[in-house]
Amino acid sequence: MKRYVLHLLVLSHVFSVPSLKRVCINQLETSFLSPENVVDILQLARLCDAPRLSLICTRMIIGDFKSITQTEGWRVMRQANPCLEQELLESLVEEDTKRQERARRLEENKVYLQLHEAMEALIHICRDGCRTIGPRDQTLKSSQAVCRFPACKGIELLLRHFSACKMRVPGGCANCKRIWQLLELHSRMCSAPETCHVPLCRHFKDKMQHLSRKEEAKWNLLVSKVLESKATTSTISERRNFSSLKTQCYVLGSQVTSIMH
């Protein structure tokens with residue numbers, strides 16, 4: 001088998017001996033493929049109607065494309081079968097596109113998870129109080145347990161800036177604009193605005209009625225993505241640690257802006 005497996009594959013295909021053909025294909029898949037022969041075996045698999053072996057060869061070529069293109073088999077294939085070369089190049093481009101799309105979706109999901117954490121921290125601060133900030137009727141203890149909301153520090157810093165900034169109007173201050181957008185996002189996710197402790201929740205609920213359809217669709221899409229991310233938070237074992245309060249503040253506040261645009 002080791003010596004004549006390629007010959008036996010051809011014969012089993014030509015003379016329709018499926019049991020022998022399966023043995024040959026299995027031998028090639030498990031112990032015969034290498035960067036030096038994978039191009040030759042791919043062409044043989046196509047001629048012998050072995051789609052699974054063909055797929056395995058194609059994946060191997062795409063996974064180790066740089067070294068395989070330096071082999072003698074590749075050079076011969078380019079001259080004898082340029083259509084196959086073009087097909088493999090297209091497969092490489094398609095796989096790279098899929099890889100980039102997966103990376104983009106993972107990064108996008110991280111953004112939605114961060115926004116969801118920001119919403120949780122915002123409610124926590126406005127309802128319960130945390131560290132040195134909270135509701136006016138909240139008496140904060142001098143020593144507190146470590147907060148379980150990862151985004152709490154960033155939200156606390158944004159709220160403190162927002163309360164003291166003299167350019168609080170939207171568009172006047174970049175940090176204030178971020179907290180306005182986070183507050184608006186919360187209002188769209190809040191189901192009890194009448195009893196909500198988050199500032200301006202009722203205001204933004206009323207503002208929704210005057211938005212254009214395009215703006216409304218953007219916000220609805222963002223809300224749905226953030227709510228969907230809630231189901232995946234339990235699978236994350238480690239929360240992200242931001243390198244500094246400035247970075248954390250910027251990340252949490254600017255994501256709404258980047259998504260909405």
Problem - Cluster overlap V111 with L106, hydrophobic side-chain contacts below 4.5 Å - result: no

Practice task
I would like to know whether Q181 and L185 meet side-chain contact (heavy atoms from CB on, under 4.5 Å); could you show each step before the answer?
Solution key: CA-CA 6 Å; Q181 290 171 327; L185 177 60; over 6 Å; no

Problem - Audit row: V17, L11, side-chain contact (heavy atoms from CB on, under 4.5 Å) steps and yes/no - result: CA-CA 8 Å; V17 187; L11 292 171; over 6 Å; no

Exercise for the section: Treat each ILVMFWY residue as a node, draw an edge where side-chain heavy atoms are under 4.5 Å apart, and state whether V39 and L89 are in one component. Expected result: yes

Practice task
Indicate if L88 and V76 have the same hydrophobic cluster label, given that clusters are the connected sets of ILVMFWY residues with side-chain heavy-atom separations under 4.5 angstrom.
Solution key: no

Fill in the blank from the handout: Tightest non-hydrogen contact, residues L84 and M77, listed as CD2-CG, 3.9 Å

Exercise for the section: Please name the pair of heavy atoms, one in K21 and one in D49, separated by the smallest distance, quoted to 0.1 Å. Expected result: NZ-O, 3.4 Å

Handout entry: Pairwise side-chain contact, L55 with C57, heavy-atom cut-off 4.5 Å (strictly under)
Key = no

Practice task
Indicate yes or no: does K110 engage E117 in a salt bridge with an N to O separation below 4.0 Å.
Solution key: no

Handout entry: F65-W74 aromatic ring centre distance below 6.0 Å
Key = yes

Handout entry: Distance, nearest 0.5 Å, that separates CE of M119 from CD1 of I155
Key = 6.0 Å

Exercise for the section: State, without any angle test, whether Q100 and D96 hold a side-chain donor-acceptor pair at a distance under 3.5 Å. Expected result: yes

Practice task
List in chain and number order the residues that pass side-chain contact (heavy atoms from CB on, under 4.5 Å) with L221, two or more places apart in sequence or in another chain; answer none if no residue qualifies.
Solution key: S224, K225

Handout entry: Side-chain donor or acceptor of R188 paired with backbone N/O of W219 under 3.5 Å
Key = no

Handout entry: R3, CZ atom: more than 12 neighbouring heavy atoms under 6.0 Å
Key = no

Fill in the blank from the handout: In this structure, CZ of R102 is separated from OG1 of T97 (nearest 0.5 Å) by 10.5 Å

Handout entry: Stepwise side-chain contact (heavy atoms from CB on, under 4.5 Å) test for E29 and I25
Key = CA-CA 6 Å; E29 291 175 354; I25 291 174; 3.2 Å; yes

Problem - Test side-chain contact (heavy atoms from CB on, under 4.5 Å) applied to C196 and H186, step by step - result: CA-CA 10 Å; C196 182; H186 160 77; 3.1 Å; yes

Completion exercise
Which of R105, K98, R99 passes side chain to side chain donor-acceptor pair (under 3.5 Å) with E101? It is R105

Exercise for the section: State, to 0.1 Å, how close P35 and M60 come at their nearest heavy-atom pair, and which atoms those are. Expected result: N-CE, 3.6 Å

Exercise for the section: Side-chain contact test, heavy atoms from C-beta onward, threshold under 4.5 Å: evaluate it for V10 versus C48 and give yes or no. Expected result: yes

Handout entry: Beyond-backbone contact of V198 with C190, side-chain heavy atoms, under 4.5 angstrom
Key = no

Completion exercise
For C152 and H124 the tightest heavy-atom approach is SG-CD2, 3.9 Å

Practice task
Taking the side chain as every heavy atom from C-beta outward, state whether E72 and E36 have any atom pair closer than 4.5 Å.
Solution key: no

Practice task
Answer whether the closest heavy-atom distance between the side chains of L122 and L183 falls below 4.5 Å.
Solution key: yes

Problem - Residues, nucleotides or ligands: over 12 heavy atoms within 6.0 Å of R104 CZ - result: yes

Problem - Side chains of E87 and C83 in contact at under 4.5 Å (non-hydrogen atoms) - result: no

Exercise for the section: Can you measure from CG (N81) to CD (Q86) and round to the nearest 0.5 angstrom? Expected result: 11.5 Å

Completion exercise
Rounded to the nearest 0.5 angstrom, the CG-CG distance for L28 and L44 is 7.5 Å

Problem - Linked, directly or transitively: I41 and L47 (ILVMFWY side chains, under 4.5 Å) - result: no

Handout entry: Considering all heavy atoms, the nearest V5-C24 contact
Key = CG2-O, 3.8 Å

Practice task
Kindly check if the number of other-residue, nucleotide or ligand heavy atoms within 6.0 Å of CZ (R75) is above 12?
Solution key: yes

Exercise for the section: Return yes if some donor-acceptor pair links the side-chain N/O of N37 with the main-chain N/O of F32 below 3.5 Å, else return no. Expected result: yes

Problem - Spacing of E184 atom CD and I179 atom CD1 [to the nearest 0.5 Å] - result: 12.5 Å

Problem - Side-chain donor or acceptor of H197 paired with backbone N/O of R127 under 3.5 Å - result: no

Exercise for the section: Taking the side chain as every heavy atom from C-beta outward, state whether L222 and L115 have any atom pair closer than 4.5 Å. Expected result: yes

Practice task
Compare all side-chain heavy atoms of S12 with those of P18 and state whether any distance is below 4.5 angstrom.
Solution key: no

Exercise for the section: Can you measure from CG (L158) to CD (E156) and round to the nearest 0.5 angstrom? Expected result: 10.5 Å

Problem - R178 to N175 - nearest heavy-atom pair and separation - result: NH1-OD1, 2.6 Å

Handout entry: Shared hydrophobic cluster for L227 and I123 (ILVMFWY, side-chain gaps under 4.5 Å)
Key = yes

Exercise for the section: Answer yes or no: does atom CZ of R52 have more than 12 heavy-atom neighbours from other residues, nucleotides or ligands under 6.0 Å? Expected result: no

